[in-house]
Engineer: 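Pasting a structure below so you can have a look.
Each residue takes its place number in the sequence, starting with 1.
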Amino acid sequence: MLMLYHRKNRTNKQKFSETEGDGEAEGDSKADASEVPPATDDTPECLNKALQGLSSRWKNWWIRGILSLTMITGFSLLIYMGPIMLIPLVMAIQIKCFQEIIIIGYRVYHSYDLPWFRTLSWYFLVCVNYFFYGETLADYFGVLVQREEPLQFLVRYHRFISFTLYLTGFCVFVLSLVKKHYRLQFYMFAWTHVTLLIVVTQSHLVIQNLFEGLIWFIFPVSTVICNDIMAYVFGFFFGRTPLIQLSPKKTWEGFIGGFFSTVIFGFIFAYLLAQYQYFVCPVEFDSETNRFAVDCQPSSVFVLQVYTLPAIVQNVTRWETVTLYPFQIHSISISSFASLIGPFGGFFASGFKRAFKIKDFADTIPGHGGIMDRFDCQYLMATFVHVYLTSFIRGPNPSKVLQQLLVLHPEQQLSIFNALRSHLREKGVLTE
């Protein structure tokens, strides 16, 4: 009897738990569905007319293909115009991605009429960008800063000003807290800061990579684009086996095909880019011409070297040596990350969208969704490239050292000059 009682009691608890869970899930579903509007079709009318006879599957194929070629063409044009044009591009993409994520939070919770949510979100975006771009100004434009008195003041007290701006927003948020909405307001405060961490911090790393040389900007972006395209192509034609539950349309065939295609593309593309100083030289500000310069003596990473092949490979290919750029070897690591780990940024975004029952972040690009839908993998890639660059490639930067020396007082500069001269004499570099 006692066993029957406990079994019955467990059964009743399970039924109650399941009923309660279903009720909560249904309530959340209704709340989310009522707040987030369905996606709309913003495909240009001319494309709709030209493709009206095709099935939805092939229509989406052509729309994605045409828009992808258009975006790649525009991206190539900006690269041709010079690195200075890529900085506003990164800034514009960052702002649009931030807007798309923040607007989802606003649509879900706008019925609560949370005070100052959107205003403070954009204020914090301005504060964080002021901090990061101010750091970039101090690092790469030291000579320009020395010529402008207002800039000297802003650079000298940059971090204090940044902290003061953030502290002001923090205090306003605390003062805006409303009874009965405390938890929700803190949710949205965390929402804003996680968005800033994902979007703004990563875009700052993109700018840092860009100043190390255009190749560290173009190559990672291109490998992610290549993997995205080739995974879609292989999945479209050969996809049979689902890859991950978060993205039902992703297949193992597309994942594997995208990996091999990206590694091959990266190896060839690395060879092409490494030949030109325009791509491999760090982007520096020339104080004499007041322009960005990409002229330098290429580092050893971008100089052809002869490699001896392993004995097994020699037996198969009949080649004893190969001549490669060291960057081509590094390209294998970067391409592998772009195709194996980079897609997890997309899976993360898919999980986020499923949580709020939306198909895309926005409908900015027909056939592709929002800007964030296209750049969810790029942000993860930017962090990897920055870490890879600082860990395995970049050494001391003479231009940065020189800029820091120019900020010092004349007495300090003279002291460093004498110490450096004594050191070079000991090494036998100077004879006088």
Engineer: Do the side chain of Asp373 and the main chain of Phe361 share a donor and acceptor less than 3.5 angstrom apart?
Structural biologist: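 It does hold such a pair.
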
Engineer: Checking Thr223 side chain against Pro220 main chain: does a donor-acceptor pair fall under 3.5 Å?
Structural biologist: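 Flag set: sc Thr223 to bb Pro220 pair under 3.5 Å.
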
Engineer: Between Asn418 (side chain) and Leu414 (backbone), is there a donor-acceptor pair under 3.5 Å?
Structural biologist: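 Checking the backbone N and O of Leu414 against the side chain of Asn418, a donor-acceptor pair under 3.5 Å is found.
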
Engineer: Please determine whether ring-ring contact (aromatic ring centres under 6.0 Å, His included) holds for the pair Trp191 and Phe356, giving the CA-CA distance in whole Å, both sets of side-chain angles, and the decisive distance to 0.1 Å.
Structural biologist: CA-CA 14 Å; Trp191 181 295; Phe356 293 95; 5.2 Å; yes

Engineer: Are the aromatic ring centres of Tyr130 and Tyr166 under 6.0 angstrom apart?
Structural biologist: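 Ring centres of Tyr166 and Tyr130 not closer than 6.0 Å.
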
Engineer: Aromatic ring centroids of His193 and Phe124 under 6.0 Å?
Structural biologist: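 Yes, the ring of His193 comes within the 6.0 Å limit of the ring of Phe124, centre to centre.
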
Engineer: What about Phe352 and Phe348, are their ring centers closer than 6.0 Å?
Structural biologist: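 Distance test on ring centres: not under 6.0 Å, no.
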
Engineer: Look only at the side chain of Glu253 and the backbone of Arg240, and say whether a donor-acceptor pair between them is shorter than 3.5 Å.
Structural biologist: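 Checking the backbone N and O of Arg240 against the side chain of Glu253, a donor-acceptor pair under 3.5 Å is found.
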
Engineer: Would a distance-only check, ignoring hydrogens and angles, find a side-chain to backbone donor-acceptor pair under 3.5 Å from Thr119 to Trp116?
Structural biologist: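 Pair absent, no side-chain N/O of Thr119 close to backbone of Trp116.
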
Engineer: Look only at the side chain of Ser203 and the backbone of Val200, and say whether a donor-acceptor pair between them is shorter than 3.5 Å.
Structural biologist: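 Yes; judged by distance alone, with no hydrogens or angles, the pair exists.
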
Engineer: Counting only heavy atoms not in Trp122, do more than 12 sit closer than 6.0 Å to its CH2 atom?
Structural biologist: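 Yes - once you tally the heavy atoms of other residues, nucleotides and ligands closer than 6.0 Å, there are more than 12.
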
Engineer: Taking the side chain from Tyr80 and the backbone from Phe75, do they hold a donor-acceptor pair closer than 3.5 Å?
Structural biologist: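 No; zero donor-acceptor contacts below 3.5 Å.
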
Engineer: Please confirm whether the ring centroid of Phe163 lies under 6.0 Å from the ring centroid of Phe131.
Structural biologist: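 Ring centres of Phe131 and Phe163 not closer than 6.0 Å.
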
Engineer: Can we call the ring centroids of Phe302 and Phe327 under 6.0 Å apart?
Structural biologist: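 They qualify: ring centres under 6.0 Å apart.
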
Engineer: How far does OG1 of Thr192 sit from CG of Leu197, to the nearest 0.5 angstrom?
Structural biologist: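 If we round to the nearest 0.5 Å, Thr192:OG1 and Leu197:CG are 12.5 Å apart.
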
Engineer: Write down the atom of Leu246, the atom of Arg354, and the distance for their closest heavy-atom approach.
Structural biologist: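 Minimum heavy-atom contact is O-NE, 2.7 Å.
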
Engineer: Please test His330 against Tyr388 for side chain to side chain donor-acceptor pair (under 3.5 Å), starting from the C-alpha separation and ending with a verdict.
Structural biologist: CA-CA 9 Å; His330 291 292; Tyr388 189 90; 2.6 Å; yes

Engineer: Main chain of Gly370, side chain of Glu100: is a donor-acceptor contact present, judged purely on distance under 3.5 Å?
Structural biologist: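 Side chain of Glu100 to backbone of Gly370, a donor-acceptor pair under 3.5 Å: no, none is there.
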
Engineer: More than 12 foreign heavy atoms under 6.0 Å from CD of Gln245: is that the case here?
Structural biologist: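 12 or below, so no.
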
Engineer: Quick check against the 3.5 Å criterion: does Asn209 have a side-chain atom that pairs as donor or acceptor with the backbone of Leu205?
Structural biologist: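 Such a contact is found between Asn209 side chain and Leu205 backbone.
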
Engineer: Give a yes-or-no answer on whether the side chains of Thr241 and Thr251 include a donor-acceptor pair shorter than 3.5 Å.
Structural biologist: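 The criterion, which ignores hydrogens and geometry beyond distance, is not satisfied for Thr251 and Thr241.
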
Engineer: Which disulfide (SG to SG under 2.5 Å) pairs, counting each pair once, include a residue from residues 213-282, with sequence neighbours left out?
Structural biologist: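 Sorted result for residues 213-282: Cys281-Cys296.
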
Engineer: When you measure from the side chain of Gln208 to the backbone N and O of His386, does any donor-acceptor pair fall under 3.5 Å?
Structural biologist: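 Not confirmed, Gln208 side chain does not pair with His386 backbone.
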
